[in-house]
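Structure incoming, see below.
Just so it is clear: chains get the letters A, B, ... in the order the sequence lines come, proteins before strands, and each one is counted from 1. As the structure is a prediction and not an experimental result, all values here were calculated from the model.
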Amino acid sequence: MSEKKKHYGMVIDVRRCIGCHACTATCKIENDVPTNYYRSWVVEGDKGEYPNVSRVKLPTLCNHCEDAPCEQVCPVKATYHDENGTVLVDPERCIGCRYCVAACPYDARYLNPETGIADKCTFCVHRVEYGLEPACVSTCVGHARVFGDLNDPNSEVSRLLREHNAQTLRKDLGTKPSVYYIGLDEELATVNYNQLKKGGDR
Amino acid sequence: MVTPLYEMSHPIPFGPMVIADFFLVALSAGLLYISLLGSVFGLNKYESLAKPTAIMALATVLAGPVALLLDLGHPLRFLNLYLHFNVTSMMSWGTYILTIYIILLLVYTLLLDKIVKFGRVIGIMTGVFALALGSYTGLLLVEATGRFMWNSALIPVLFIFTGFLAAWGLVAMASIWFPKIVKIKEDFVQTSRTFISGLLIGQIVLISLYLIGLGMNGDAGMAAFKHLFTERQVMFVWVQLVGATLLPLILVTVVKNKHAVAFAGLLSFLGVLALRFNIVLAGQEIPQTGNLLNQLSGHVFDWVVFGLAFAAAIILITVLPIIFNLFEKRIVKIEQHKISNENLNM
C-alpha cells in the first residue's frame, strides 16, 4: 500500500500561549524578515471588565490553506503547494504584483521591500527538510505551537485535533486552513467592526 | 468584550499606481465605445469623433499599464505574465485581454479612415475586448473574496459604466477647450451635455445600489458603509459625490454655457478617478484581521509614477494624432505614386 502524502500543519493551543512574542522575534531572525514586516505575530487583548479580566492571545501566521486564495489569484503561478501541502512562493517566478497580498484573507503576506517578491511564513521549510521544527515552534516556551503531519494519525497534531475541538480562522471563506487553534477566543479572532481605529505609522 | 492591547495594521498592497492603471484602461474602453458609435454602430452624428477618440483610447491604454509595470516588485519579470498563464487568476486573463485589445485598437485606428467590412469586424472585436478590459479591473477586485467591499457583482458594472462617463468627460473637455489638439472639428456641446447628465444619473443609481448592498451585508458591510462616510468622508462625500457628481450634474442641466459643460466634463472625469480611489483604497483600509485600519504607505515614488502615467497619457493624446497624420500622408503618397506609375505604364 502506498504511503499517504504528508500534509504539514500546525496546532496552536492558545491556552498555553503566555504572550512573550518569542515566536515573532525568532521568526524575524530565522527568516531575515525586514523591519516593520512580520511573518508571524501575536495579537493580544483584555477580555471582560475589572475585576473579571483575562488576557486573550492569538498567534497569527500564514494558514497554508488547502484552497489558498493567494494561489488562485497569482498571475504567474509563483505561489504553489509543495509536496507536503505547504504554500510557498517561487522567488524566481514571482513578479511582485501584490495580488496575493490583497487576496490573502489573513493579512499574512507582504511584499518584501528588499527582494521585491511576495513573502510569508513557509513553515520554515528550510529547517523542516532537515528534520527540525519551524523556528516559532522550537522557541515557544509554553509549547503552545505544535507542528506535524496532519495525515499521520500518530503525529501529535493529529492527536491534538482528535482530542480537542480545534477551530480555524475565517471558516466562512472555505479556504481550509492547515493552522488550527485550541481554545480560540472567537471575539479576538474576528474583526470588531464597531471598534475600528487608525493604526500607527508603519 | 475584548479590548485590543497589541495588534498591527498592514500596508495597503494596491496603491495609486494600480489605481492609475484601473482608471486609464477603463477610460480607454469608454473612449473606444464613443468611437464605435459612428464607425460601427452607424450613428452618423458621431462619425467625426471616431478617429480622435480611437487615438485617445490608444494613448490612455498605453499609459495605464506603464504605471502597473513600475508598481511590480520585479518589473523586468513582466514576461512571466505571458509565459505562466493561471486560468483562475483575473490578472492573468487581464494581461492577455490588454495585449490583444491594444493590438486590435491599433489596427482599428489605422483602418478607421477606410472603414470597410474588415475594419468593421475589427471594430466589433475591439469593442468586445474593450468590454472585457473594462470589466476585468473590477473582476480582479471581486476575486479577492476576503475583502467584502470588493466582493460585489456591481463593481465590474460600475467600472465599465464610469469608464464611459470619464470618456465623455474627456471628450467634452477636449472638444470645447482643445479642439485643435485632439482634432475634433464639430461642436459636441449638446451631445456631451446629454451624455454626461445621463451617465451621471446612471452613476448615482449604481453607487446607491452598491451602498445599499453594502449596508445590508451585516456588521462588516455596515462598517464599510460608515467608513466611507467618516474616515473617507472628504474623498467620498465631498470630492466624489458632491464635487464630482452632483455639481457637474447641476452644471450640465442648469448652466447654458459651453465652458460649463467642459468643466462638468472635467469634474466627472475626476469623480470617476475618485471613485476608483475610494473603492480600491477603502476596500483595503478595512482590516481583515485585528481592529486597526490599514494604511497606504504613501511612498513619494508611487505618486510620482501616478502623475507620470497621466502626463504620459496627455503627451500621447497630443503626439499620436500627429504621428497618425504623418502615417496617413505617407500612405496617400505611396498610393499616388503607384497610380502615377500605373498611368505611365499604360
Side-chain angles (χ1 to χ4, degrees), chain A residues 19 21 36-38 41-49 55-56 58 60 69 71-78 93-99 101-107 109-113 115-118 169-170 173 175 185 187-189 191-202, chain B residues 1-15 18 68 71-75 77-78 80-81 83-86 88-95 140-141 143-147 150 218-224 226-227 231 283-295 297:
Chain A
H21 298 262
N36 283 339
Y37 293 89
Y38 298 88
W41 66 97
V42 182
V43 177
E44 285 187 58
D46 276 348
K47 187 171 187 168
E49 280 177 37
R55 178 67 54 89
V56 281
L58 177 66
T60 313
E71 187 181 17
Q72 180 190 320
V73 303
C74 179
V76 294
K77 291 185 178 173
R93 193 181 280 196
C94 177
I95 59 171
C97 68
R98 300 181 181 85
Y99 197 12
V101 182
C104 173
Y106 304 101
D107 287 327
R109 284 179 169 242
Y110 59 91
L111 191 84
N112 189 319
T115 61
I117 63 166
L169 299 178
R170 299 196 76 176
L173 294 174
T175 53
D185 186 273
E187 215 177 319
L188 187 68
V191 180
N192 185 341
Y193 293 103
N194 296 317
Q195 273 193 8
L196 294 182
K197 58 185 178 191
K198 276 187 178 170
D201 288 338
R202 286 191 61 84
Chain B
M1 193 181 116
V2 172
T3 309
L5 293 173
Y6 184 86
E7 53 182 341
M8 66 171 70
S9 67
H10 303 270
I12 285 176
F14 286 170
V18 175
L68 200 60
D71 188 48
L72 297 178
H74 278 278
R77 287 190 191 170
F78 79 96
N80 282 358
L81 286 162
L83 299 173
H84 307 287
F85 182 75
N86 183 359
T88 59
S89 169
M90 269 322 297
M91 197 179 275
S92 233
W93 283 99
T95 307
L140 193 137
L141 300 183
E143 199 176 11
T145 48
R147 298 191 188 270
W150 290 354
D219 282 355
M222 188 45 85
K226 282 182 193 164
H227 181 73
E231 294 292 334
Q284 300 171 94
E285 282 166 350
I286 306 281
Q288 303 190 99
T289 55
N291 297 328
L292 293 180
L293 292 168
N294 296 326
Q295 290 177 1
S297 62

**Request:** Please look at A/R109 and chain B and tell me whether the side chain, the backbone, both or neither of the residue comes under 4.5 angstrom of a heavy atom of that chain.
**Result:**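 Neither part.
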**Request:** Specify which of A/E49, A/E187, A/R55, A/K47 makes the most heavy-atom pairs with chain B at under 4.5 Å.
**Result:**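 Looking at each of A/E49, A/E187, A/R55, A/K47 in turn, A/E187 comes out on top.
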**Request:** Select one option (side chain, backbone, both, neither) describing which atoms of B/I286 are under 4.5 Å from chain A's heavy atoms.
**Result:**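 Answer is side chain: those atoms of B/I286 sit under 4.5 Å from chain A.
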**Message:** Measuring from atom CG of B/L72 to atom CG of B/N80, what distance do you get when rounded to the nearest 0.5 angstrom?
**Reply:**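 Output value for this atom pair is 10.0 Å.
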**Prompt:** Is it the side chain or the backbone of A/N112 that comes within 4.5 Å of chain B heavy atoms, both, or neither?
**Reply:**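 Answer is neither: A/N112 stays 4.5 Å or more from chain B.
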**Request:** Considering only heavy atoms and a distance below 4.5 Å, find which of A/P75, A/G116, A/G45 pairs most often with chain B.
**Result:**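 Among the listed options, the one with the most contacts to chain B is A/P75.
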**Message:** Between B/N291, B/L293, B/L83, who has the most heavy-atom pairs with chain A when the cutoff is under 4.5 Å?
**Reply:**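 Counting heavy-atom pairs under 4.5 Å, the top option is B/N291.
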**Message:** Is A/Y110 in contact with chain B via its backbone, its side chain, both, or neither, using a 4.5 Å heavy-atom distance?
**Reply:**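 It is neither, since no heavy atom gets under 4.5 Å.
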**Asked** Quick one: what part of B/W150 sits under 4.5 Å from any heavy atom of chain A, side chain, backbone, both or neither?
**Response**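 Contact with chain A: side chain only.
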**A/Y193 and B/K226: CA distance, side-chain angles, deciding distance, side chain to side chain contact (heavy atoms under 4.5 Å, CB included) verdict** = CA-CA 10 Å; A/Y193 293 103; B/K226 282 182 193 164; over 6 Å; no
**Request:** Answer yes or no: is there a donor N or O on one side and an acceptor on the other, between the side chain of B/N86 and the main chain of A/Q72, under 3.5 Å?
**Result:**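 Pair found, side chain donor or acceptor close to backbone of A/Q72.
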**Request:** Identify which of B/G146, B/A144, B/S92, B/S89 forms the greatest number of heavy-atom pairs closer than 4.5 Å to chain A.
**Result:**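 Option with the top pair count is B/S89.
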**Message:** Less than 4.5 Å to any heavy atom of chain B: does that hold for the side chain of A/I95, its backbone, both, or neither?
**Reply:**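 It is both, since atoms from each part get that close.
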**Asked** So which of A/V56, A/V76, A/V43 has the largest heavy-atom pair count under 4.5 angstrom toward chain B?
**Response**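 It is A/V76.
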**Which of B/L140, B/T95, B/L141, B/L68 touches chain A most, by non-hydrogen pairs under 4.5 Å** =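 Among the listed options, the one with the most contacts to chain A is B/L140.
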**Asked** Which atoms of B/E231 come close to chain A, meaning under 4.5 Å heavy atom to heavy atom: side chain ones, backbone ones, both, or neither?
**Response**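 Contact with chain A: side chain only.
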**Prompt:** Just checking, is any N or O donor in the side chain of B/Q288 or A/D107 under 3.5 Å from an acceptor N or O on the other one?
**Reply:**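 Per modelled atom types, B/Q288 and A/D107 side chains form a pair under 3.5 Å.
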**Request:** Applying side chain to side chain contact (heavy atoms under 4.5 Å, CB included), run through A/T60 and A/Y38 and close with a yes or a no.
**Result:** CA-CA 10 Å; A/T60 313; A/Y38 298 88; over 6 Å; no
**Asked** Do you know which of B/E285, B/E7, B/H84 has the most heavy-atom pairs with chain A at a distance under 4.5 angstrom?
**Response**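 Among B/E285, B/E7, B/H84, the one with the most close pairs to chain A is B/H84.
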**Interatomic spacing from CG in A/L111 to SG in A/C94 - rounded to 0.5 Å** =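 Output value for this atom pair is 7.0 Å.
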**Prompt:** Between A/E71 and chain B, which part of the residue has a heavy atom less than 4.5 Å away: side chain, backbone, both or neither?
**Reply:**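 Backbone of A/E71 only, per the 4.5 Å heavy-atom cut-off to chain B.
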**Prompt:** Which pair of heavy atoms, one from A/C97 and one from B/M91, lies closest together, and at what distance?
**Reply:**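 Between these two residues, the closest heavy atoms are SG-SD, 3.6 Å.
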**Request:** Could you walk me through whether B/V2 and A/Q195 pass the side chain to side chain contact (heavy atoms under 4.5 Å, CB included) test, one step at a time?
**Result:** CA-CA 10 Å; B/V2 172; A/Q195 273 193 8; over 6 Å; no
**Message:** Is A/V191 close to chain B through its backbone or its side chain, or both, or neither, when contacts mean heavy atoms under 4.5 Å?
**Reply:**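 Answer is both: backbone and side chain atoms of A/V191 are under 4.5 Å from chain B.
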**Asked** Between A/C104, A/C74, A/P113, A/A118, which residue shows the highest count of heavy-atom pairs closer than 4.5 Å to chain B?
**Response**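 Ranked by contacts with chain B, first place is A/C74.
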**Asked** Distance from A/N36 atom CG to B/H10 atom NE2, nearest 0.5 Å?
**Response**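 The CG atom of A/N36 sits 12.5 Å away from the NE2 atom of B/H10.
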**Request:** Identify which of B/F14, B/F78, B/W93 forms the greatest number of heavy-atom pairs closer than 4.5 Å to chain A.
**Result:**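 Heavy-atom pair counts peak at B/F14.
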**Prompt:** Between B/T145, B/N294, B/T88, which shows the greatest number of heavy-atom pairs under 4.5 Å with chain A?
**Reply:**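 Highest number of heavy-atom pairs under 4.5 Å: B/T88.
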**Prompt:** Rounded to the nearest 0.5 Å, how far does CH2 of A/W41 lie from OG1 of B/T289?
**Reply:**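 Output value for this atom pair is 5.5 Å.
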**Prompt:** Of all of A/R93, A/E44, A/H21, which one pairs up most often with chain B through heavy atoms under 4.5 Å apart?
**Reply:**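 Going by pairs under 4.5 Å, I would pick A/R93.
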**Message:** What's the separation between atom CG in A/L58 and atom CG in A/D185, rounded to the nearest 0.5 Å?
**Reply:**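 Output value for this atom pair is 8.5 Å.
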**Asked** Is any side-chain heavy atom of A/P69 closer than 4.5 Å to a side-chain heavy atom of A/T175?
**Response**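 In contact.
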